[in-house]
Amino acid sequence: MKVARLTEPVDLTNCDREPIHIPGSVQPHGVLLVLRGGVATQVSGNTETHFGLGVHEVLDGGLGVLLDGDTLARVQEALATESLDDNPLYLLTTPVCGQGLFDLIAHRRGQQVILEFEAARSGRPPVDSYSQVKRSVTRLNATVNLAEFAAATAEEVRRLTGFDRVMVYQFAEDGTGTVIAEDRRDDLTPFLGLRYPASDIPQQARALYVQNMLRIIADVTYEPVPMFARQGDGEGEGDVAEPLDMSYCVLRSVSPIHLQYLKNMGVNASMSVSLVRGGALWGLIACHHSEARHLPYDVRSACELLGQVASVQISDRQERLTRSYQWQLKTTQTQLVERLAEENDLLEALVGSGMNLLHFIDTPGAAVCLNGEVVLVGATPSREQVTALTGWLDTQADLDILHTQTLGDLYGPAQAYAGRASGLLAVKLSRSRHDYVMWFRPEELQTVTWGGDPNKPVQVSEDGTDRLTPRQSFAAWQETVRGRSAPWQADELEAARALRRAIMAVVLRRVEELGQLNERLERSNADLDAFAYIASHDLKEPLRGLHNYSAYLLEEYEQQLDEDGAAKLRTLVRLTQRMDNLIDSLLLYSRVGRVDLSVQPTDLGALVTDVLEVLAPRLEQLNVQVQVQPDLPVLTIDRVRVGEVLSNLITNAMKYNDKAQPQVQVGAILPAGRAAHPDLRVPDGVPEHACVLFVRDNGIGIREKHFENIFRIFKRLHARDQFGGGTGAGLTIVRKLVERHGGQIWVSSEYGQGSVFYFTLES
C-alpha cells in the first residue's frame, strides 16, 4: 500500500484567504484517524509516538489494531447509533495498544467518521460538568447588567480552567473586538478596555468560531503533525485523497500566523469559546497561559456548556433591551400617528408641541422639509444647510430612506457641522418635491485605546509580494475618532419606515376625505361637478402610465427580484388598478351632475325587462330568482339613467347575498296602494302622489346605523375584496340619479334577512 502525505506548506502571506479548515496536519498531543465505511483512510503521522505502531500498520488494521475486542465493540456500536454529524462526542477513555489512556472523541463529516485520540492524564479526577456549570450559571443569573455578567463569566471560566488570563471580547459591527471583562494573574499587564482590529481574526476564522464553539492550542511551540492517506483513495486509480475538513476537530492544527501572533503576546497556550447570538458571532471567551497547558475533555466540555449558557443569556438580555426600546418606539409611533390623524396641518402634527420627532427617535435634532417650508427642532444644522442637504439627497439613489454615521464622508459640506450632524437618518416623502423628514445625531468624539497599532504591518518580500506579519507590539495605542455618530439601530430604521408609511396613509386618507367632501359640496354647487370631472380625467393618464409601467416591470424583472420586491410591485399594480376604478367611478359621478336628462314617457315594465336581459348571464350563474311585478306603471323619466339605477340596485341585491337561493323582487307601490303596505315608511318630502318603486332582496341585510353611510361615495361596509369587490360609489351615483329626477331614495333592512331599496322618480 502506498501512503501520501497531505500537508501543504503554509507561510504567513494572505492570512485572510488561508484555508484554515483543511490544514492537513494536527497538533501532536493526540492522534487523528479517519474511517470511511469502517476502513481507515487517513491518519496523523504520530502513531508511532503514541501507539507504538507505524502509519502503514494503523491504515491496514484500523480500529482493530488499536482497541481490544470489548472496547472495539462498544465503539462500533456508538458509531452506528449516536448522532455524530458535525457533532463531536466523547465516547470513552480507554487504553490503546498498551500505551496509556486516551480520550476517544468522534464525529461524522459527510461520509467520513473522524476519531480523535487525546492522551489522557492517568489518575485525574473526573470533572462534574453539571455541578460546575450549575454553580457558574447561578452566579451569572445574579448579575444585573452586561458588565457584571461578562466579569462573572471570565472569573468562572478561569476558575474552571486555571488559565493565567481569561478575557471576554465583544465584537462591534465593523468587526473590531473590545475586551469588556478580564480575570488575570496579578502580575500580568491588564488588557481590559483594549480594542483589537478586525484583521486579528480573519473572516474564515470567525466562520469556524460559529461552527465549532471551542478551540484549544495546548502548546504554541508545537511542530504540526502531517496527515497521511492511502494513495489511490481518491476517485481514480493512484489519486490522493483530498485534505480532510477539520472544522470540528479538536486536534486541528492552527494557522502559523495565529501561532506567531500568540508568541508575540508571550502566550504559550490558549483556548477560546464562542459567544453566539442569533447565528452570528457576538464575542469570544479567550483564555491565555504562559506555559503549555492541555485541558482534558471533561473540563473543555464544562467550558463549552458554560459558553452556550452565556450565549443564551446574552441573547436573552439583549433581546429584552431591544424589546423595551421597540415598545418605546411603538408607543411613541402610535401617539404620533394619532396626532397625524387628528391634526389638519401635517407639519404641525410632526413638529408641534407635546409630541414631536425628537420623542419618536432618540435624537437631539430633527428637521421637516414640506411644501417648500423647513422647520428645525432641537440641535440641527442651519436652515440654509438643511436646504442644501435636501438638494444632495435628491441626487442620491432612488431610496425612500437613507442613513449614515459619517455624513461628512458622503457629503463634504456636512463636515462643517459634524458636531451637530455626523449622523443622518432621512426619510423621503415625495419623489417630485424636496419633502423629507430628517433626524440628526452629533459627532461622538471618542478616544479608542487599541491593543497595539491597529494597522497590521505589511512587509515586502524579496520577490516583491506583500507579506502580512502578526503585530509585534500589544502596548496600548490611542486613536481619536472624529466625524462619526452613534449608530442607527435596526429598530429605529424600521420605525422611520413605519412613520413614512403612516404619513403616506394619512395623505391618502385625506384624499379620500376630500372626495367625500366634494360629494356634499356637489349637491349644492353644480360647478364642483365639472371640477371633479376635470380633476378625475386628468388623473387617468398618469395613473394609467404608472399601472402599465409597474406591470411591465413585474413581467420583465420579477425573476430578478427577491420575493419582497416582487410582492411590492404586485401590490403597486393592484393599488393602481383600484385607483383607476375609483377615478372611473368619480368620473361617472361627476357626469351625473352635468348631463342633461332626456325624459319621456317610459314603460317601466319594459325597462326592467331590458335590464334583466343584460344581467341574464350573471343571474343564471348565481342562480338568482327574479320576480317582477306585472303591470308596472309608465313614468316620465330618462330611460338610460333610470336603467342604470335599476341595474345597480339589482346587481347589489345579487352581490350582497349569502343565501343558497338568492331572490330579487322589483315592483311599484302606487299612491292609492300605500295603505296596503303598513311597513312602508315614506320620508318627509315625498309627495303623496308619487309612485314608490322598490327592489327587494333576501341578502345579508344592513344594520340601521349604516343606512346613511351606504350612500356616501367610496364608503364600503365590507373588506375591499368581499362580495365581489367594488369602489363604493354605486349607491352614491344611484342617489344622484334619483335626485336628478326630483325623487328620493331610502332603505329598509333587517340584518341577516334582506333589504328593500325604495325610491321615487318625481317631485
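Just so you know, these numbers use all the heavy atoms, side chains as well, and skip hydrogens, waters and symmetry mates.
- Panel note: side chain S274, backbone V276; no donor-acceptor pair is recorded below 3.5 Å.
- The aromatic rings of F117 and F102 sit perpendicular, their planes meeting at an angle over 60°, well past the 30° parallel limit.
- Remark: R158 does not engage E182 in a salt bridge, criterion side-chain N to carboxylate O under 4.0 Å.
- The cationic group of R165 lies under 6.0 Å from the six-membered ring centre of F191 and within 45° of the ring axis, placing it in a cation-pi geometry.
- Partners of E492 by salt bridge (Lys or Arg N to Asp or Glu O under 4.0 Å), not counting sequence neighbours, listed by chain and number: R441.
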For this session: Might you work through the side chain to side chain contact (heavy atoms under 4.5 Å, CB included) test for C287 and M167, ending with a clear yes or no?
Result: CA-CA 6 Å; C287 309; M167 298 169 288; over 6 Å; no
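- Side-chain contact, S270 with R293: no donor N or O sits under 3.5 Å from an acceptor N or O.
- Within the structure, ring-ring contact (aromatic ring centres under 6.0 Å, His included) contacts touching residues 136-164 (residues at least two apart or in different chains) are F163-H289.
- A side-chain donor-acceptor contact under 3.5 Å links Y222 and S253.
- In this structure a side-chain-to-backbone donor-acceptor pair under 3.5 Å is present from T47 to L53.
- When only modelled atom types and interatomic distance are considered, Q112 and D245 share no side-chain donor-acceptor pair under 3.5 Å.
- Annotation: side chain of H288 is in contact with side chain of L262 (closest heavy-atom distance under 4.5 Å).
- If you check the side chains of E148 and T143, you find no donor sitting under 3.5 Å from an acceptor.
- Under the 4.5 Å side-chain criterion, counting only non-hydrogen atoms from C-beta, E116 is not in contact with R252.
- Once rounded to the nearest 0.5 Å, the distance linking CG of L79 with CZ of R108 reads 7.0 Å.
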